[in-house]
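What follows is a short report on a single structure.
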Amino acid sequence: MHGELTCHSRYSNDPHSPHKCRHTLARSLFRMACLFFVVAGHRVYAEEAGAGEAVAGWLASLAAILEVHTIPALFAVIGLGMVFGRISFFGVKLGNSGVIFAAIAFGALGYRTPSSIGNLGLVLFVYCIGITAGPGFFRSFARQGSNLAQLGLLLTGLGALTAVLLAWLFGIPAGLAVGIFAGAMTSTPALAAALEALGDTPEVSVGYVIAYPFGAVGVVMFVQVLPRLLRLDLNREALRHGHDTSGEGAIERAVIKVTNPALFGKSIREQAVAASLHCQISRVNRGDALVPVAADSVFEEGGYVLAVGKRNKLALLTDYLGEKSDRAFAIDVERERLRVVATAKAVTGKTLRELNLRHRFGVTITRLERNAVTLAPHSETVIQYADRLTAVGEPDNLGEFAKFAGHRAKALDETDMLSVAAGIVLGLALGQVPLLLPGGVTVRLGMAGGPLFLGLLLGHFGRIGPLSGYIPRPARMFMLEIGLVLFLAAAGSQAGEQFLATLREYGLQLPLMAVLVAALPMGAGYLFASRCLKLNLLQILGGICGGMTSTPGLGAVTGKTDSDLPVVSYAAVYPLALILVTLAAQLLARVISVFQ
């Protein structure tokens with residue numbers, strides 16, 4: 001077949017089919033990536049081994065071309081790195097982190113991504129991380145208590161301590177050791193903080209590239225092997241701790257016939273059981289139609305209501321009110337339901353109980369969509385800026401409520417660039433404020449931690465003064481992705497020439513150090529969380545993935561169970577771990593330098 005990819009489909013015999021062309025293009029790009037890695041390594045070898053003048057001249061010409069055509073070379077680095085990141089190693093793909101490997105190959109050829117481009121990418125990346133994590137960060141700690149925070153602190157602290165001890169034992173330079181710490185913890189902000197603290201020394205990027213594969217693969221292997229060693233099934237664990245994995249948490253609606261005599265003539269608005277079950281009764285029958293519940297609506301004997309809520313809670317409400325009915329009713333969805341984007345200060349930051357919308361406007365909020373996640377609202381649900389509310393009511397009432405909520409349909413697609421620019425500037429200023437730690441040590445959040453922390457605050461509060469913390473998800477994800485690959489391209493290209501030389505100098509000490517920095521915190525973290533914090537296995541696995549800032553690890557856990565416990569634990573620990581690892585990278589640089 002001359003190396004051509006065979007496609008087993010009905011398009012296989014068509015050389016112009018999109019299916020075959022996509023695979024052929026992917027294979028060609030992969031070959032190009034491999035070629036560049038080989039050429040980069042050959043250049044270093046040729047220079048040290050005394051290669052012929054022809055080879056040296058060709059490599060020098062290629063380096064000159066890359067140096068002149070900076071922008072095309074930058075996107076070549078990104079493109080080839082993304083291709084490399086799609087290759088699976090032990091079931092793990094490097095993803096965007098493949099860019100730093102391609103950048104090292106180009107760096108060995110003499111290419112350098114301007115540091116200003118890397119700095120721009122860094123601030124975009126960490127700011128969007130903060131905006132994304134902010135809405136659930138502080139609330140997660142309120143729900144989970146301090147246990148998960150202690151787990152995150154332990155993982156980061158043990159990783160840093162292991163790095164210090166091994167650097168002293170093996171005689172590893174500070175830059176290389178801090179880079180290994182950042183790579184083993186799979187933390188790009190930590191890499192940025194270390195580069196900033198040590199003056200952009202290439203050793204940091206070299207250490208990161210060496211350790212990153214061990215950190216990424218290590219977390220995935222740990223969360224997969226641990227349940228097997230303990231002989232525990234994750235779904236059974238979820239059931240044992242009261243979390244049904246059968247889809248009972250899905251949001252549904254049901255028509256219920258009212259047969260409970262204790263409810264006849266009682267106000268629907270004042271019904272406490274539905275509120276306690278986090279269900280909403282949105283419609284009541286009027287003849288053969290279901291109409292929106294009004295402020296004076298009451299339960300009638302043999303009447304019907306439409307309720308919305310999670311499946312398991314809805315079943316309890318049905319048992320209380322009467323019985324589920326399959327009777328068909330007419331519903332005027334077009335006129336009596338409206339999706340409203342909340343932007344007004346009169347709405348945001350308040351609970352549904354405080355807003356009392358059914359009494360004031362005669363409308364019921366049946367669903368709430370936030371960050372692409374649909375929630376079943378209840379009386380204590382706090383409305384955040386740009387929440388998308390599904391409101392049910394009479395057409396005139398819906399119009400009044402939409403005005404009150406500041407509804408603007410385009411709000412979901414608009415990015416307030418003034419808020420983005422001001423937020424980043426304030427974050428950079430915050431990063432330069434010195435923080436005094438015990439022992440008289442002064443650290444700064446820096447270019448990585450400052451925008452990250454301000455992003456967390458804006459993401460949590462939604463708006464601080466004139467600054468909005470809302471960025472539409474597509475725009476936010478684009479800024480995050482482009483920022484990450486720009487930063488990795490700059491960091492990798494700076495380390496290209498030293499990569500192979502560093503590996504030859506220190507040998508297996510560097511991979512061994514990477515494995516230990518990743519493995520020891522996870523092992524100790526499990527023992528501490530299970531025996532001291534009394535967390536269950538699902539919480540521990542999610543917390544470890546968050547503490548190691550490993551999204552692939554979380555994917556490996558959620559692939560084995562439908563429970564949301566690992567995701568909740570991950571979301572609680574991950575933002576804290578980002579800040580802790582960022583600060584730890586700066587402290588490591590100072591501590592190791594003192595020992596040496």
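The first residue in the sequence is number 1, and the count goes up from there.
The side-chain heavy atoms of Val420 and Ile471, taken from C-beta on, include a pair separated by under 4.5 Å. Taking 4.5 Å as the limit, every side-chain heavy atom of Pro521 sits out of range of all side-chain heavy atoms of Leu154. The shortest distance between side-chain heavy atoms of Phe106 and Leu80 falls below 4.5 Å. The shortest distance between side-chain heavy atoms of Leu191 and Ile100 falls below 4.5 Å. Between Pro451 and Leu428 the shortest side-chain heavy-atom distance falls below 4.5 Å. Within the 4.5 Å cutoff, the side chain of Leu226 has heavy atoms near those of the Tyr526 side chain. The side-chain heavy atoms of Leu486 and Phe125, taken from C-beta on, include no pair separated by under 4.5 Å. Annotation: side chain of Leu541 is not in contact with side chain of Pro566 (no heavy-atom distance under 4.5 Å).
Atom CG of Leu510 sits about 9.0 Å away from atom CD of Glu505, to the nearest 0.5 Å. Distance CZ/Phe214 to OG1/Thr186: 14.5 Å, rounded to 0.5 Å. Between the CG atom in Leu161 and the OG1 atom in Thr156 there is a gap of 12.5 Å [rounded to 0.5 Å]. The CD atom of Gln509 sits 10.0 Å away from atom CG of Leu176, with the distance rounded to the nearest 0.5 Å. Taken from CG in Leu533 to CD1 in Ile540, the straight-line distance is 8.0 Å, to the nearest 0.5 Å. In this structure, the separation between CG on Leu426 and OH on Tyr127 is 8.5 Å, given to the nearest 0.5 Å.
Taking each heavy atom of Ile131 and Gly469 in turn, the nearest pair found is CG2-O, 3.4 Å. Contact between Met513 and Ala163 at its shortest, heavy atoms only, is CE-O, 3.4 Å. Among all heavy-atom pairs drawn from Ala475 and Thr415, the shortest one is CB-OG1, 3.6 Å. Between Ala184 and Ala211, the shortest heavy-atom contact is N-CB, 3.6 Å. In plain terms, the two heavy atoms of Val126 and Met447 that are nearest each other are CG2-O, 4.1 Å. Here the closest non-hydrogen pair linking Leu155 and Ile544 is CD1-CA, 3.8 Å.
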Test log, rule side-chain contact (heavy atoms from CB on, under 4.5 Å), inputs Leu484 and Leu124: CA-CA 8 Å; Leu484 176 59; Leu124 289 176; over 6 Å; no
Residue pair Val581, Phe181: steps toward the side-chain contact (heavy atoms from CB on, under 4.5 Å) verdict: CA-CA 9 Å; Val581 173; Phe181 168 73; 3.9 Å; yes
Working for side-chain contact (heavy atoms from CB on, under 4.5 Å), residues Met522 and Leu158: CA-CA 9 Å; Met522 289 191 290; Leu158 279 179; over 6 Å; no
Full working for side-chain contact (heavy atoms from CB on, under 4.5 Å) between Leu535 and Ser530: CA-CA 5 Å; Leu535 299 178; Ser530 61; over 6 Å; no
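Around atom CG of Leu169, more than 12 heavy atoms belonging to other residues, nucleotides or ligands sit under 6.0 Å away.
Of the possible polar contacts, none joining the Arg476 side chain to the Cys128 backbone as a donor-acceptor pair under 3.5 Å is found. In this structure, Gln539 contributes its side chain and Asn536 its backbone to a donor-acceptor pair below 3.5 Å. Panel note: side chain Ser493, backbone Thr113; a donor-acceptor pair is recorded below 3.5 Å.
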